[in-house]
Student: 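If you scroll down you'll find the structure; I have some questions about it.
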Amino acid sequence: MTPLLEATVSLPPRLAETHVVVASGERIAVIGPNGSGKTTLLRAIAGIEGQSAEATIAGEALASMSPNRRLQNLSFLPASREVRWPIPVRDVIALGLSRPDQARVEELLARLRLTGLADRPIDRLSTGERARALLGRALAPRPRLLLLDEPLSNLDPAWVLRTLDYLDDVARDGTAIVMALHDLAQLSRFDRVWMLDRGQMVADVTPGELFALPRFAEVFEVEPDGAGWTLSPSADRRSSR
Ligand SMILES: Nc1ncnc2c1ncn2[C@@H]1O[C@H](COP(=O)(O)OP(=O)(O)OP(=O)(O)O)[C@@H](O)[C@H]1O
(Lines give C-alpha, C1' and ligand atoms only; values in the text may rest on other atoms or scores of the structure.)
Protein backbone atom coordinates (compact mmCIF):
# COMPACT_ATOMS: atom_id res chain seq x y z
CA MET A 1 0.00 0.00 0.00
CA THR A 2 1.34 3.48 -0.87
CA PRO A 3 1.66 5.59 2.28
CA LEU A 4 -0.14 8.92 2.20
CA LEU A 5 2.95 10.94 3.09
CA GLU A 6 6.55 9.93 2.68
CA ALA A 7 9.20 12.57 3.30
CA THR A 8 12.90 12.91 4.02
CA VAL A 9 13.74 16.24 5.57
CA SER A 10 16.94 17.78 6.81
CA LEU A 11 17.80 21.30 7.96
CA PRO A 12 21.09 21.13 9.85
CA PRO A 13 21.83 22.19 12.52
CA ARG A 14 18.17 22.70 13.47
CA LEU A 15 16.93 19.33 12.19
CA ALA A 16 18.94 16.19 11.46
CA GLU A 17 17.92 14.07 8.48
CA THR A 18 14.56 12.54 9.31
CA HIS A 19 12.45 10.10 7.33
CA VAL A 20 8.70 10.08 8.01
CA VAL A 21 5.90 7.87 6.70
CA VAL A 22 2.27 8.63 7.49
CA ALA A 23 -0.85 6.65 6.56
CA SER A 24 -4.27 8.10 5.69
CA GLY A 25 -6.33 8.85 8.79
CA GLU A 26 -3.37 8.62 11.19
CA ARG A 27 -3.19 11.09 14.07
CA ILE A 28 0.40 11.89 15.03
CA ALA A 29 1.50 14.13 17.89
CA VAL A 30 4.87 15.87 17.57
CA ILE A 31 6.29 16.58 21.01
CA GLY A 32 9.54 17.88 22.45
CA PRO A 33 10.87 20.66 24.66
CA ASN A 34 11.03 24.28 23.48
CA GLY A 35 13.47 24.60 20.62
CA SER A 36 13.64 20.84 19.92
CA GLY A 37 12.55 21.27 16.30
CA LYS A 38 8.77 20.64 16.15
CA THR A 39 7.97 23.72 14.07
CA THR A 40 11.05 23.17 11.92
CA LEU A 41 9.97 19.59 11.18
CA LEU A 42 6.42 20.64 10.20
CA ARG A 43 7.70 23.50 8.04
CA ALA A 44 10.28 21.25 6.40
CA ILE A 45 7.66 18.62 5.53
CA ALA A 46 5.45 21.37 4.08
CA GLY A 47 8.43 22.56 2.01
CA ILE A 48 8.23 26.05 3.53
CA GLU A 49 11.86 26.03 4.71
CA GLY A 50 13.93 26.24 1.54
CA GLN A 51 14.27 23.13 -0.58
CA SER A 52 14.70 20.85 2.41
CA ALA A 53 11.80 18.52 1.75
CA GLU A 54 11.58 15.51 -0.48
CA ALA A 55 7.95 14.86 0.19
CA THR A 56 5.33 12.88 -1.68
CA ILE A 57 1.62 12.78 -0.97
CA ALA A 58 -0.07 9.66 -2.38
CA GLY A 59 3.03 9.18 -4.51
CA GLU A 60 2.96 12.71 -6.02
CA ALA A 61 5.85 15.10 -5.32
CA LEU A 62 4.66 18.01 -3.20
CA ALA A 63 7.23 20.36 -4.72
CA SER A 64 5.82 20.00 -8.25
CA MET A 65 2.12 20.42 -7.38
CA SER A 66 0.21 23.44 -8.66
CA PRO A 67 -1.03 25.79 -5.88
CA ASN A 68 -4.59 24.43 -6.24
CA ARG A 69 -3.50 20.82 -6.16
CA ARG A 70 -1.37 21.59 -3.11
CA LEU A 71 -4.40 23.11 -1.33
CA GLN A 72 -6.34 19.89 -1.89
CA ASN A 73 -3.48 17.80 -0.55
CA LEU A 74 -1.95 19.74 2.31
CA SER A 75 -2.88 22.41 4.84
CA PHE A 76 -0.30 23.93 7.16
CA LEU A 77 -1.47 25.88 10.22
CA PRO A 78 1.35 28.05 11.61
CA ALA A 79 1.72 28.53 15.35
CA SER A 80 1.36 32.30 15.08
CA ARG A 81 -2.15 33.66 15.56
CA GLU A 82 -1.14 37.09 14.36
CA VAL A 83 -3.18 38.44 11.43
CA ARG A 84 -2.65 42.07 10.55
CA TRP A 85 -5.26 42.51 7.84
CA PRO A 86 -8.90 43.32 8.66
CA ILE A 87 -10.35 40.42 6.66
CA PRO A 88 -13.83 39.16 7.69
CA VAL A 89 -13.76 35.72 9.32
CA ARG A 90 -15.84 34.10 6.55
CA ASP A 91 -13.35 35.36 3.93
CA VAL A 92 -10.40 34.04 5.94
CA ILE A 93 -11.98 30.58 5.92
CA ALA A 94 -12.78 30.88 2.20
CA LEU A 95 -9.09 31.63 1.51
CA GLY A 96 -8.35 27.98 2.32
CA LEU A 97 -10.50 26.75 -0.57
CA SER A 98 -9.26 26.04 -4.07
CA ARG A 99 -12.62 27.20 -5.52
CA PRO A 100 -15.59 29.12 -4.04
CA ASP A 101 -17.84 26.95 -1.85
CA GLN A 102 -20.19 28.99 0.34
CA ALA A 103 -21.86 25.91 1.83
CA ARG A 104 -18.49 24.64 3.07
CA VAL A 105 -17.70 28.03 4.64
CA GLU A 106 -21.07 28.07 6.45
CA GLU A 107 -20.54 24.49 7.64
CA LEU A 108 -17.16 25.39 9.15
CA LEU A 109 -18.50 28.59 10.72
CA ALA A 110 -21.25 26.55 12.40
CA ARG A 111 -18.98 23.72 13.56
CA LEU A 112 -16.45 26.20 14.98
CA ARG A 113 -19.29 28.31 16.46
CA LEU A 114 -18.13 31.38 14.57
CA THR A 115 -21.37 32.13 12.69
CA GLY A 116 -22.08 35.15 14.93
CA LEU A 117 -18.58 36.50 14.22
CA ALA A 118 -18.51 35.66 10.50
CA ASP A 119 -18.54 39.26 9.28
CA ARG A 120 -16.18 40.63 11.89
CA PRO A 121 -12.57 41.40 10.76
CA ILE A 122 -10.30 38.69 12.10
CA ASP A 123 -7.95 41.22 13.72
CA ARG A 124 -10.83 42.16 16.04
CA LEU A 125 -11.32 38.66 17.51
CA SER A 126 -9.93 37.29 20.75
CA THR A 127 -6.82 35.10 20.39
CA GLY A 128 -8.79 31.88 20.90
CA GLU A 129 -11.50 32.95 18.43
CA ARG A 130 -8.79 33.80 15.91
CA ALA A 131 -7.21 30.38 16.49
CA ARG A 132 -10.56 28.76 15.62
CA ALA A 133 -10.96 30.87 12.48
CA LEU A 134 -7.44 29.98 11.28
CA LEU A 135 -8.10 26.30 11.98
CA GLY A 136 -11.26 26.67 9.87
CA ARG A 137 -9.16 27.98 7.01
CA ALA A 138 -6.80 24.98 7.30
CA LEU A 139 -9.69 22.49 7.39
CA ALA A 140 -11.71 24.15 4.60
CA PRO A 141 -10.31 22.26 1.58
CA ARG A 142 -10.61 18.84 3.27
CA PRO A 143 -6.92 18.19 2.58
CA ARG A 144 -5.41 14.71 2.68
CA LEU A 145 -2.80 15.90 5.18
CA LEU A 146 -3.07 18.48 7.95
CA LEU A 147 0.13 19.87 9.49
CA LEU A 148 -0.93 21.78 12.59
CA ASP A 149 1.51 23.74 14.74
CA GLU A 150 0.12 23.93 18.26
CA PRO A 151 -3.54 24.31 17.25
CA LEU A 152 -4.68 23.81 20.86
CA SER A 153 -2.72 26.69 22.40
CA ASN A 154 -4.92 29.67 23.36
CA LEU A 155 -8.03 27.45 23.48
CA ASP A 156 -10.08 27.10 26.66
CA PRO A 157 -10.57 23.53 28.04
CA ALA A 158 -13.92 23.01 26.28
CA TRP A 159 -12.50 24.17 22.94
CA VAL A 160 -9.47 21.90 23.34
CA LEU A 161 -11.86 18.94 23.62
CA ARG A 162 -14.19 20.14 20.85
CA THR A 163 -11.21 20.66 18.53
CA LEU A 164 -9.85 17.18 19.26
CA ASP A 165 -13.32 15.71 18.61
CA TYR A 166 -13.51 17.59 15.31
CA LEU A 167 -10.06 16.38 14.30
CA ASP A 168 -11.07 12.79 15.16
CA ASP A 169 -13.99 13.16 12.72
CA VAL A 170 -11.64 14.57 10.08
CA ALA A 171 -9.21 11.66 10.59
CA ARG A 172 -12.06 9.13 10.34
CA ASP A 173 -12.78 10.61 6.90
CA GLY A 174 -9.19 9.74 5.90
CA THR A 175 -7.24 12.95 6.52
CA ALA A 176 -3.89 12.37 8.24
CA ILE A 177 -3.07 14.79 11.06
CA VAL A 178 0.42 15.67 12.22
CA MET A 179 0.21 18.08 15.14
CA ALA A 180 2.80 19.76 17.36
CA LEU A 181 1.63 20.08 20.93
CA HIS A 182 2.86 20.72 24.46
CA ASP A 183 -0.07 19.36 26.46
CA LEU A 184 1.03 15.78 27.12
CA ALA A 185 -2.33 15.08 28.78
CA GLN A 186 -3.89 14.94 25.30
CA LEU A 187 -1.55 12.27 23.91
CA SER A 188 -4.04 9.42 24.38
CA ARG A 189 -6.04 11.01 21.54
CA PHE A 190 -3.28 10.16 19.02
CA ASP A 191 -2.21 6.97 17.26
CA ARG A 192 1.51 7.77 17.32
CA VAL A 193 3.94 10.17 18.96
CA TRP A 194 7.12 11.58 17.44
CA MET A 195 9.42 12.86 20.19
CA LEU A 196 12.08 15.37 19.21
CA ASP A 197 15.20 16.30 21.12
CA ARG A 198 17.72 18.88 19.91
CA GLY A 199 16.73 18.53 16.27
CA GLN A 200 16.53 14.72 16.21
CA MET A 201 13.52 12.45 16.23
CA VAL A 202 14.38 10.18 19.15
CA ALA A 203 11.14 8.18 19.42
CA ASP A 204 8.31 7.11 17.13
CA VAL A 205 6.01 5.19 19.48
CA THR A 206 2.41 4.80 20.60
CA PRO A 207 1.26 7.10 23.43
CA GLY A 208 1.11 4.08 25.77
CA GLU A 209 4.78 3.29 25.13
CA LEU A 210 6.05 6.84 25.56
CA PHE A 211 6.10 7.39 29.32
CA ALA A 212 7.88 4.06 29.93
CA LEU A 213 10.84 5.18 27.81
CA PRO A 214 13.81 6.24 29.97
CA ARG A 215 14.49 8.78 27.21
CA PHE A 216 11.17 10.53 27.97
CA ALA A 217 12.24 11.85 31.39
CA GLU A 218 15.67 12.70 30.03
CA VAL A 219 14.28 14.76 27.15
CA PHE A 220 11.51 16.54 29.03
CA GLU A 221 13.26 16.75 32.43
CA VAL A 222 9.99 15.89 34.14
CA GLU A 223 8.46 12.74 35.57
CA PRO A 224 4.82 11.76 36.04
CA ASP A 225 3.67 12.62 39.56
CA GLY A 226 0.09 11.63 40.34
CA ALA A 227 -2.13 13.65 38.03
CA GLY A 228 0.67 16.07 37.08
CA TRP A 229 4.40 16.38 36.58
CA THR A 230 7.43 17.05 38.71
CA LEU A 231 10.91 18.18 37.65
CA SER A 232 13.17 15.13 37.35
CA PRO A 233 16.25 15.03 39.62
CA SER A 234 18.50 15.44 36.58
CA ALA A 235 16.67 18.58 35.36
CA ASP A 236 18.87 21.62 34.61
CA ARG A 237 21.96 19.44 34.21
CA ARG A 238 21.67 19.38 30.44
CA SER A 239 24.10 21.84 28.95
CA SER A 240 21.98 23.37 26.20
CA ARG A 241 18.88 24.34 28.20
N1 LIG B 1 14.57 31.08 11.33
C2 LIG B 1 15.44 30.44 12.10
N3 LIG B 1 16.77 30.50 11.85
C4 LIG B 1 17.68 29.86 12.59
N5 LIG B 1 17.34 29.08 13.66
C6 LIG B 1 16.03 28.99 13.96
C7 LIG B 1 15.03 29.65 13.20
N8 LIG B 1 13.81 29.35 13.75
C9 LIG B 1 14.08 28.55 14.80
N10 LIG B 1 15.40 28.33 14.92
C11 LIG B 1 16.06 27.47 15.92
O12 LIG B 1 15.81 26.12 15.55
C13 LIG B 1 15.60 25.33 16.70
C14 LIG B 1 14.25 24.63 16.59
O15 LIG B 1 13.22 25.62 16.63
P16 LIG B 1 11.70 25.23 16.49
O17 LIG B 1 10.92 26.49 16.37
O18 LIG B 1 11.54 24.21 15.43
O19 LIG B 1 11.43 24.53 17.91
P20 LIG B 1 10.06 24.04 18.57
O21 LIG B 1 10.30 22.64 19.03
O22 LIG B 1 8.93 24.27 17.65
O23 LIG B 1 10.00 24.99 19.84
P24 LIG B 1 8.78 25.63 20.69
O25 LIG B 1 8.24 24.53 21.56
O26 LIG B 1 9.50 26.68 21.51
O27 LIG B 1 7.79 26.20 19.74
C28 LIG B 1 15.72 26.26 17.90
O29 LIG B 1 17.00 26.12 18.44
C30 LIG B 1 15.51 27.63 17.31
O31 LIG B 1 16.23 28.59 18.06
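As the structure lists them, so they are numbered: ligands from 1, and atoms in each ligand from 1. All residue numbers in this chain count up from 1 along the given sequence. Atoms considered below: every heavy atom in the structure, side chains included; atoms not considered: hydrogens, waters and symmetry mates.
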Student: Which of parallel (below 30°), tilted (30 to 60°) and perpendicular (above 60°) describes F216 and F211?
Tutor: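 Answer is perpendicular, since the angle exceeds 60°.
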Student: Measure across I122 and A133 and return the closest heavy-atom pair with its distance rounded to 0.1 Å.
Tutor: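 Taking I122 first and A133 second, the nearest heavy atoms are CD1-CB, 3.9 Å.
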Student: Please output the residues near ligand 1 using a strict heavy-atom distance under 4.0 Å, listed in chain and residue-number order.
Tutor: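 Residues within 4.0 Å of ligand 1: R14, P33, N34, G35, S36, G37, K38, T39, T40, E150, H182.
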Student: Got a salt bridge between D165 and R162, using NZ or NE/NH1/NH2 to carboxylate O under 4.0 Å?
Tutor: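 Here D165 does not pair with R162 in a salt bridge, since their nearest N and O are not under 4.0 Å apart.
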Student: Any ion pair linking R111 and D169 (charged N to carboxylate O, less than 4.0 Å)?
Tutor: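 R111 and D169: salt-bridged.
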Student: Between R84 and D123, does any NZ, NE, NH1 or NH2 come within less than 4.0 Å of an OD or OE carboxylate oxygen?
Tutor: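 No, D123 and R84 are not salt-bridged.
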Student: May I ask whether V21 and L5 are part of the same hydrophobic cluster, defined by side-chain heavy atoms of I, L, V, M, F, W, Y residues being less than 4.5 angstrom apart, directly or through others?
Tutor: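 Different clusters: V21 never reaches L5 through Ile, Leu, Val, Met, Phe, Trp or Tyr contacts under 4.5 Å.
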